[in-house]
Participant: 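First, the structure itself, so that you have it in front of you.
Chain letters run A, B, ... following the sequence lines, proteins first, then strands; residues in each count from 1.
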2 protein chains.
Amino acid sequence: MSDRPAKKQNTLFVGALAKGLKLLRAFDETHTDLSLGDLASRTGLDKSAVQRLANTLHVEGMLVKDPATRRYRPSHQWLEMAYAYYWSDPLIGRAMPKLIELSRDIGETVNLAELSGEHIIYALRLPTQRTHFAATIAGRRLPALSTSAGRAMLATWRPEDREAAVRDWPIASFTPATTRDRGTIRDLIEDAAVRGYAISRSEVILNEVGVAAPIVAPDGRAAAAIHVSVSGHSYDLDRINRDIAPAIQDAANTILA
Amino acid sequence: MSDRPAKKQNTLFVGALAKGLKLLRAFDETHTDLSLGDLASRTGLDKSAVQRLANTLHVEGMLVKDPATRRYRPSHQWLEMAYAYYWSDPLIGRAMPKLIELSRDIGETVNLAELSGEHIIYALRLPTQRTHFAATIAGRRLPALSTSAGRAMLATWRPEDREAAVRDWPIASFTPATTRDRGTIRDLIEDAAVRGYAISRSEVILNEVGVAAPIVAPDGRAAAAIHVSVSGHSYDLDRINRDIAPAIQDAANTILA
DNA sequence: GTAGCATGTATCATAATACGATACTCCGCG
DNA sequence: CGCGGAGTATCGTATTATGATACATGCTAC
């Protein structure tokens, strides 16, 4: 080390663990089995560090290594982590029976969405035959502003908090029809504040309509929502307002009651 | 260090990462929010190591820390890990439409179980209103020998491999009715080999009947199964054999076809 | 009301670890 | 057949993670 004073160590931070977690985050919906080289380029870590970290994750059962191709994949422990999450989140136990009931009543895809920073994450998903694969599995994370569930939650926030979110939070484009204008998003959230539920069209999947009602906490603010996805071919606005939205709101309103 | 030769370092193993993973595994269905002391006692690690590791997991977003109680809980990243797992496992995408169809056809709880070492893990679960909470969420792991899904898979193995599993693998007791005799388990697996599906009664939940059909790989050996759970009050053996088992087998047989 | 204990936080000297560099092996492709 | 890429293995050493320990806070028991 040069005679320049050494950078002070952060003794509460374990760098090797953080690097290991970075390796885990290299896996996602489009990176499903990765070589050491893939991991090195996706994490920016040195290849011998990646070798050590990947080997350790493998030995600890977190990654599976294909002996023929030497590529790594997530192991079943990743599912066990979701299992532990489900037990740790009180909302899950409360919401599950209501989602199941709603799914049976309306016969459409029903999800529990939770706020996760500036995104929403689908914690529970009850799919139907119509459901696109990506929309059947739990754990998907999407920008809150770009989803009906996120907008339904924000609709319950104080106007200044809502405004800050509309101004600052990320938006994303999934289809040519995805709303990109923050003014339009603001209007949709205001509309949801009036109606008590949010409606989105073709935001994430073309011709899919999302309807979401907030699960309002005792403080008046929602950090979760029930979201239902229907086909725009089968439902016009009248039908949604009449047949779908009331059922979602009833279900959402009973969860924390 | 004493003058005794130092133990040779395993330079391919990162101890700090392994310790961090050990902290993650401290969370399960009965340990849902943990203090530093809880983590120390559950992992056997020194309290200052636990402090550093927990802080790092928190900073990296893997754990949420309640500011009032200072206790830690799993974060949404745990759900994202399941999401990444689902994309990485080709069976999930193939099985999901079949499970949804089967769930609609028979109106009962339908699951995809996969072999995980000497256990099975429920990768996908499509619950109904009747389903006990623990049976609605993915990621639960159970001894293979103690479940109909595990027995259905083993039934497709070569006799000597099957015999070794019956002899050596763990069994567990969940209800007073849980089968504890390995001879009986062997007979049930043989029966499944003949029928093409396995039936279990009250193994994990009293009066719940499990029916499972193996998803047989091209090599003739199954590492996954479709499992359906029905009430023993509503289904006797005749009804299961007639109405339930054929539908499960048909679904299982089309997944890898 | 006070003392003691448990829990959490913060710090530090140092031993051990994790690091990057590098060499070697193997395999596939031109 | 040679070269390059990917993976594996090794090593000297700088950096990190360690356990010990001190301190703060809050709660409980006497």
Participant: Relative to each other, are the rings of A/Y85 and B/H76 parallel, tilted or perpendicular (30° and 60° limits)?
Facilitator: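 Geometry flag for B/H76 against A/Y85: tilted rings.
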
Participant: Using 4.0 Å as the upper bound for N to carboxylate O, is an ion pair formed by B/R73 and A/D89?
Facilitator: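 No, no charged N to carboxylate O under 4.0 Å.
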
Participant: With sequence neighbours left out, what residues match B/P143 under side chain to side chain contact (heavy atoms under 4.5 Å, CB included)?
Facilitator: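 Here the qualifying residues are B/H119, B/S146, B/A172, B/F174.
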
Participant: Which angle, rounded to 10°, do you find between the first-five-pair axis and the last-five-pair axis of the helix from C/dG1-D/dC30 to C/dG30-D/dC1?
Facilitator: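 The end axes of the helix from C/dG1-D/dC30 to C/dG30-D/dC1 are about 30° apart, to the nearest 10°.
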
Participant: Within the pair A/R70 and D/dT8, is there a side-chain N or O less than 4.0 Å away from OP1 or OP2?
Facilitator: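 Result: yes.
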
Participant: Quick one: list whatever passes side-chain hydrogen bond (donor to acceptor under 3.5 Å, both in side chains) with B/E60, sequence neighbours left out.
Facilitator: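 B/E60 satisfies side-chain hydrogen bond (donor to acceptor under 3.5 Å, both in side chains) with A/R25 once adjacent residues are dropped.
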
Participant: Starting at CD of B/Q9 and ending at P of C/dT17, how long is that distance when rounded to a whole Å?
Facilitator: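 In whole Å, C/dT17 P lies 6 Å from B/Q9 CD.
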
Participant: Measure from the ring center of B/Y83 to the ring center of A/W78 and say whether it is less than 6.0 Å.
Facilitator: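 Judged by ring-centre distance (under 6.0 Å), B/Y83 and A/W78 do not meet the cut-off.
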
Participant: Under the rule for side chain to side chain contact (heavy atoms under 4.5 Å, CB included), what residues qualify as partners of B/T43, not counting sequence neighbours?
Facilitator: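 Here the qualifying residues are B/K22, B/L23, B/A26, B/L45, B/V50.
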
Participant: Sequence neighbours left out, what pairs pass salt bridge (Lys or Arg N to Asp or Glu O under 4.0 Å) with at least one residue falling in residues 141-153 of chain A?
Facilitator: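 Of all non-adjacent pairs touching residues 141-153 of chain A, those that pass salt bridge (Lys or Arg N to Asp or Glu O under 4.0 Å) are A/R141-B/E80, A/R151-A/E203.
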
Participant: In this structure, how many angstroms lie between the P atom of C/dG8 and the CZ atom of B/R71, rounded?
Facilitator: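 In whole Å, C/dG8 P lies 8 Å from B/R71 CZ.
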
Participant: Report, one pair per line, the protein and nucleotides 28-30 of chain C atoms (nitrogen or oxygen only) whose separation is under 3.5 Å.
Facilitator:
none

Participant: Got a sec, which residues hit side chain to side chain contact (heavy atoms under 4.5 Å, CB included) with B/A123, two or more places apart in sequence or on another chain?
Facilitator: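 Expected list: A/L79, B/I92, B/L112, B/E114.
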
Participant: Could you pull out all residues at least two apart from A/L12 that satisfy side chain to side chain contact (heavy atoms under 4.5 Å, CB included)?
Facilitator: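 Side chain to side chain contact (heavy atoms under 4.5 Å, CB included) check on A/L12 returns A/N10, B/Q51, B/R52, B/N55.
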
Participant: Between A/R71 and A/D66, does any NZ, NE, NH1 or NH2 come within less than 4.0 Å of an OD or OE carboxylate oxygen?
Facilitator: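 Here A/D66 does not pair with A/R71 in a salt bridge, since their nearest N and O are not under 4.0 Å apart.
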
Participant: Which pairs, with at least one residue in residues 40-64 of chain B and sequence neighbours excluded, count as a ring-ring contact (aromatic ring centres under 6.0 Å, His included)?
Facilitator: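 Of all non-adjacent pairs touching residues 40-64 of chain B, none passes ring-ring contact (aromatic ring centres under 6.0 Å, His included).
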
Participant: Using the side-chain hydrogen bond (donor to acceptor under 3.5 Å, both in side chains) criterion, which residues pair with A/N111? Sequence neighbours excluded.
Facilitator: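 Per chain and number, A/N111 pairs via side-chain hydrogen bond (donor to acceptor under 3.5 Å, both in side chains) with A/R125, A/H227.
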
Participant: Looking at DNA chain C, which of residues 40-65 of chain B put a heavy atom within less than 4.0 Å of it?
Facilitator: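 Result for residues 40-65 of chain B: B/K47, B/Q51, B/K65, sorted by number.
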
Participant: Which residues in residues 11-24 of chain B have at least one heavy atom lying under 4.0 Å from any atom of DNA chain C?
Facilitator: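 Here the set is B/F13, B/V14, B/G15, B/A16.
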
